[in-house]
Amino acid sequence: EGSCPAKRDAALRKQHNMLLSLLFLLPLIILVHFCFAVAAVTIATGLVTADFIAPFSVDVQYKLFDWGEFSSVFPQKCFQGTNADVVVAVHNTTGEPITYTFRHPLCRFDGQCEPAGSRAELECCDAWQRCDAARDHCAAGLDCLLHFLSGLATPVAAVSFTGLLFELLALALVAVLLSSHPPKSSLMLSPADCDGGRAAAPASDEDL
């Protein structure tokens, strides 16, 4: 029984150290979660535009991607152009080329117009050789992606801020536990702490 105070002391200190670790880790998690939520809100509200992303975009072969296959997430003007009879493979038996027709936006991926393109693509050029997105059939690849991301970011932002609320409540709970339950020293433990709360009763005269 003599080792009970030391065991209890070690258990209490371990619990205290775990709460301290949570107290330091939760603010970092909250910060990362908050940045993610702000990014989702920024995209959902349209504050991020194609002009902002375009300088960082690479030369994407947008005409070799069938945007029409994703008509449920892209608006119709994102697949008004056609890149017909593109050889995508060769038949193993006959050796005949296998072709496919890709549907794509009429403007370049980065928001520039296509000055050497088809008549429909030329109609999407404005005076500054930029994509005239005001036309119903004109769109750039970046605009289409942002349209998709804005619809996706709205529920993500709502879930993120809900998670932030619970994380803040958890942080407050950890702080309360640390302030109200400081670690006990083994010297502060009474015999009742060792026998599960049953303190030794004093001997009566009858027992003597």
Side-chain angles (χ1 to χ4, degrees), residues 3-62 64-67 69-75 77-79 105 107-111 131 133 139-190 192-197:
S3 63
C4 178
K7 291 180 179 179
R8 291 276 301 206
D9 185 50
L12 288 170
R13 289 186 180 279
K14 183 177 180 181
Q15 182 183 22
H16 184 75
N17 291 336
M18 290 178 62
L19 290 174
L20 280 177
S21 300
L22 284 175
L23 188 64
F24 285 106
L25 286 176
L26 275 174
L28 296 177
I29 297 174
I30 290 173
L31 178 62
V32 174
H33 204 163
F34 177 77
C35 294
F36 184 78
V38 169
V41 171
T42 303
I43 295 174
T45 54
L47 295 178
V48 176
T49 62
D51 292 333
F52 176 79
I53 301 178
F56 307 100
S57 63
V58 296
D59 185 16
V60 180
Q61 298 295 329
Y62 67 98
L64 297 180
F65 175 77
D66 193 358
W67 299 75
E69 288 290 334
F70 300 90
S71 57
S72 59
V73 295
F74 292 134
K77 64 179 182 178
C78 290
F79 44 90
C107 298
R108 291 181 179 178
F109 187 82
D110 59 359
C131 181
L142 274 178
D143 292 324
C144 297
L145 286 180
L146 287 175
H147 180 274
F148 165 70
L149 291 176
S150 63
L152 182 66
T154 301
V156 170
V159 172
S160 297
F161 280 108
T162 303
L164 276 175
L165 177 61
F166 285 104
E167 290 167 3
L168 290 172
L169 291 175
L171 181 62
L173 178 61
V174 170
V176 169
L177 289 174
L178 281 172
S179 61
S180 59
H181 298 285
K184 292 183 179 180
S185 171
S186 58
L187 298 176
M188 299 172 59
L189 293 173
S190 64
D193 294 321
C194 293
D195 57 10

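What you are looking at is a predicted structure, and each value in this text was computed from that prediction instead of being measured.
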### Message
Using 30° and 60° as the class boundaries, would you call the ring planes of Phe74 and Phe148 parallel, tilted or perpendicular?
### Response
perpendicular
### Task
Would you give the length of the straight line joining atom CG of Leu169 to atom CG of Leu173, rounded to the nearest 0.5 angstrom?
9.0 Å
### Query
Which of parallel (below 30°), tilted (30 to 60°) and perpendicular (above 60°) describes Trp67 and Phe109?
tilted
### Smallest separation among heavy atoms of Cys131 and Ala140, with atom names
SG-N, 4.1 Å
### Query
For the atom pair CG (Leu145) and SG (Cys78), what is the distance rounded to the nearest 0.5 Å?
8.5 Å
### Gap separating the OG1 atom of Thr162 from the CD atom of Glu167, nearest 0.5 angstrom
11.0 Å
In residues 23-31, what donor-acceptor pairs under 3.5 Å come from side-chain atoms, sequence neighbours left out?
none

### Query
For the residue pair Cys144 and Ala139, what are the closest heavy atoms and their distance?
SG-CB, 4.1 Å
### Query
Would one find more than 12 heavy atoms of other residues, nucleotides or ligands at under 6.0 Å from atom CZ of Phe65?
yes
